[in-house]
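Heads up, the thing below is written out as C-alpha cells.
Counting convention: from 1, in listed order, for ligands and their atoms alike.
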Amino acid sequence: MMNLVPANVTHLDSVVQLEKATFPDDAISKRSFRRFIESNTADFFVMLNDKRVVGYYVVLFRNNTNLARLYALVLSPQFRGKGLGKQLLQHAEDRADLRHSLFLRTEVATSNQIAQQLFINAGFRAVELREAYFPPSTSQSQDALILQKLLPRYELGEDNSVGATERYVPMMTQSTEFTCGPASLLMALDYFGRPTADASQEELEIWREATTIYMTSGHGGCGPHGLARAAFKRGLSVRVAVNTDDALFIDSVRQEQKKEVMQRIQQADIDYLHRHGVTIDVCDYGVAELKADLGAGKLILALISTYHFDGVRAPHWVLICAADDDFIYINDPDYDTLPWESPTERQYLPIPIATFNKAFGFGGRKQKAAVIVGRVD
Ligand SMILES: CC(C)(COP(=O)(O)OP(=O)(O)OC[C@H]1O[C@@H](n2cnc3c(N)ncnc32)[C@H](O)[C@@H]1OP(=O)(O)O)[C@@H](O)C(=O)NCCC(=O)NCCS
C-alpha cells in the first residue's frame with residue numbers, strides 16, 4: 001500500500017541513500033533535504049510502502065513569483081515502471097497548483113530519456129537547452145533540457161469567465177521602449193495562428209502604422225485606434241473599447257500645433273475603422289466585460305499605467321490572457337526585466353484585480369483604452 005506524506009526527519013537517511021544511489025556525482029545533500037523539511041517555500045513529499053521510503057519529490061517556490069521548480073523526483077529502482085513516478089509528479093503539480101503557481105519547471109539531463117518522456121507525456125514542453133548545466137559526471141550528460149508546464153488554472157468555468165485550459169499565449173518581449181503595443185499584438189497574432197516570420201521587423205512596422213507620437217510629444221507609443229487598424233489589417237477580428245470620445249493622450253502635449261497633428265492622426269485611424277465596420281465602443285470597459293470577452297475566446301490589449309508597479313507614470317500596453325476571481329493574468333512585453341527575472345515570469349503575470357482596476361486607465365482623466373482581438377469566424 002503506497003502512501004504519500006510530507007517528509008520528516010525520520011525519512012532523511014533513506015532519502016539520502018536513494019539520492020546518492022541515483023545521482024552519485026551530483027546528489028542533493030542531507031543538509032539541503034533537512035532544510036526542505038523545515039522550509040515553507042518547499043514541498044518535500046515521500047512515497048512510503050509499508051513505512052519504507054520508495055520515492056520522493058521536492059518542489060521549490062519563490063515568493064512573489066508564479067514559477068515553481070521541481071527540484072527532485074526519484075523512485076527506488078525496484079518500484080520503477082509501475083506508474084508511481086507519474087503519480088508523484090501529479091501530486092507535485094497539484095501542490096504547486098494549490099499555491100497558485102502557474103508554471104512548473106524542471107531541469108533534466110539530455111541523456112535522461114525516461115524522465116524526459118515522463119515529463120513530455122505529462123504536458124511539459126522543452127523551453128531551453130542549457131549546456132554544461134550539471135557538473136561533470138560519468139552517469140549522465142552535463143547538458144540540461146529545461147522543461148516547463150503551464151498548470152491548469154484556466155479551466156473554463158460554468159460562467160465562461162476563465163480562459164480555456166489549452167490557452168497558452170506565447171510570450172514576446174518588446175525590443176524598444178516604445179513598442180509595447182506592437183509586441184502585445186504580435187503575441188495575440190501568434191496565438192490566433194497568424195505568427196510573423198520576422199517578428200522584430202514586424203514590431204517596428206506595426207509601430208509605424210499605429211503610433212500617435214508626433215515630434216516626441218505625448219505618450220510613448222501606439223494608440224488604440226492605430227493598433228486596432230494594424231490588427232484588422234493582419235486578419236484578426238477587432239473591437240475597440242474607450243471610455244471617451246475625446247482625443248486620447250494629448251493632455252500633456254503643450255504645443256497646439258502638435259496637439260492638432262496628433263488629433264488628425266487619431267481621426268484618420270478612426271475613419272479607417274469606421275469604413276471597415278470595426279466597432280468602436282465608447283463605454284466603461286471593466287473586469288466584467290473583459291471576462292466575458294476572454295470567455296468568448298478573445299484576448300485583450302489594454303493600456304495600463306505602470307505607476308502602481310514601478311512608480312513611473314508611463315502608459316504601457318499589455319496583453320490580457322486570462323482572468324479568475326482573484327487575478328487578471330497578463331503577458332507583459334516589458335523588456336526592462338530585473339536581473340533575477342526571466343521572460344517567463346512576465347507571462348501570465350497575475351495582477352490582483354484591485355491593482356488592475358487602479359492601473360487600467362491613463363492620465364489625470366483616467367482615459368481607458370482596450371483593443372479586443374480574436375479569430376475571424
Ligand atoms: C523518472 C522516474 C521518476 C520515473 O518513474 P517511474 O515510476 O519509473 O515512471 P512511471 O512508471 O510512472 O512511468 C511514467 C512515464 O515515464 C516513462 N517511462 C517510464 N519507464 C520507462 C522506460 N523504461 N522507458 C521509457 N520510458 C519510460 C514513460 O513515458 C511513462 O509513461 P507511460 O507509462 O504512459 O508510457 C524514475 O525513472 C526515476 O526515479 N529515475 C531516476 C531519477 C530521475 O531521473 N528523476 C528525474 C529527473 S530529477
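Relative to the six-membered ring of F61, R99 meets both conditions, a distance below 6.0 Å and an angle of at most 45° to the axis.
In this structure, Y56 and F33 have perpendicular ring planes: the angle between them is above 60°, well past the 30° mark.
By the 4.5 Å heavy-atom criterion applied to side chains, L236 and V376 are not counted as neighbours.
In summary, the side chains of T279 and D281 do not present any donor paired with an acceptor at a separation below 3.5 Å, with no hydrogens or angles considered.
For ligand 1, the 4.0 Å heavy-atom shell contains residues T22, F23, L73, V74, L75, R80, G81, K82, G83, L84, G85, K86, N112, I114, A115, Q117, L118, N121.
The aromatic ring centres of F327 and F356 sit 6.0 Å or more apart.
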Please set out all donor-acceptor pairs under 3.5 angstrom arising from side-chain atoms of residues 116-124, sequence neighbours excluded.
unit_1 : atom_1 : unit_2 : atom_2 : d
Q116   : NE2    : A109   : O      : 3.2
Q116   : NE2    : T110   : O      : 2.9
Q117   : NE2    : N121   : OD1    : 3.1

